[in-house]
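Step one of this worksheet: look at the structure below.
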Amino acid sequence: MGKHDINAFLGVGTSFVGRLTFGGVVRIDGHFEGEIVSTGTLVVGSQAHVAGRVEVARLVCDGVVAAEVAASSSVAVHGRGRLCGAVRTPSLSVAEGGRVDGLVTMGNGEQPPRQALAAGSSVNSSQTPPS
């Protein structure tokens with residue numbers, strides 16, 4: 001993805017609170033708090049911090065995303081990326097050094113049964129890797 005492929009950009013040192021909707025590709029390198037809804041790609045740069053709710057086709061995370069994330073196509077967490085919160089996507093990749101903390105649901109968009117969520121999922125704490 002080249003710089004000419006990006007439709008909008010929120011630079012370092014910039015902060016925004018509110019709702020963002022877009023098509024194509026948006027890159028955030030500043031701070032964003034609120035709701036992001038798109039059929040396109042959200043790129044979160046290494047100095048960025050995004051908080052709130054994110055619903056996009058693709059999420060590329062190289063910064064910090066503390067949000068409820070729904071990505072219809074894929075989520076990629078790069079080596080410096082930190083993703084905290086509930087994530088729903090059919091495809092998740094995490095590079096060495098990247099981190100995902102929270103509930104991850106993968107599949108064809110089906111919601112997990114409420115009983116599993118209420119019970120803390122079926123993951124055994126002994127299977128959880130140390131931080």
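Since we're looking at a predicted model, the values are computed, not measured.
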Would you mind writing out the side-chain donor-acceptor pairs for residues 54-68 within the sub-3.5 Å range, not counting sequence neighbours?
unit_1, atom_1, unit_2, atom_2, d
Glu55, OE1, Arg53, NH1, 2.8
Arg58, NE, Thr41, OG1, 2.9
Arg58, NH2, Thr41, OG1, 3.4
Asp62, OD2, Arg80, NH2, 2.8

Test side chain to side chain contact (heavy atoms under 4.5 Å, CB included) on Thr89 and Val69 and set out the steps. CA-CA 8 Å; Thr89 184; Val69 175; over 6 Å; no
Before giving the answer on side chain to side chain contact (heavy atoms under 4.5 Å, CB included), spell out for Thr105 and Val87 the whole-Å C-alpha distance, their side-chain angles and the decisive distance to 0.1 Å. CA-CA 6 Å; Thr105 304; Val87 179; over 6 Å; no
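Taking both residues in full, the closest heavy atoms of Pro90 and Ser73 are given as CG-O, 3.4 Å, listed atom of the first, atom of the second, then distance. The minimum heavy-atom distance linking Ser38 with Phe22 is given by the pair OG-O, 2.6 Å. Taking every heavy atom of both residues into account, Gly79 and Ala95 meet most closely at N-CB, 3.7 Å.
Residue Ile36 forms a side-chain contact (heavy atoms from CB on, under 4.5 Å) with just one option from Val44, Thr21, Leu20, Val26, and that option is Leu20.
Looking only at side-chain heavy atoms (C-beta outward), Val37 and Arg19 come within less than 4.5 Å of each other.
Residues Val12 and Ile28 are members of separate hydrophobic clusters, defined by side-chain heavy-atom contacts under 4.5 angstrom among Ile, Leu, Val, Met, Phe, Trp and Tyr.
With rounding to the nearest 0.5 Å, the separation of CZ in Arg99 from SG in Cys84 is 7.0 Å.
Residue pairs meeting the ring pair (Phe, Tyr, Trp, His ring centres under 6.0 Å) criterion with at least one partner in residues 41-67, sequence neighbours excluded, are His31-His49.
Glu35 CD: more than 12 foreign heavy atoms inside a 6.0 Å radius.
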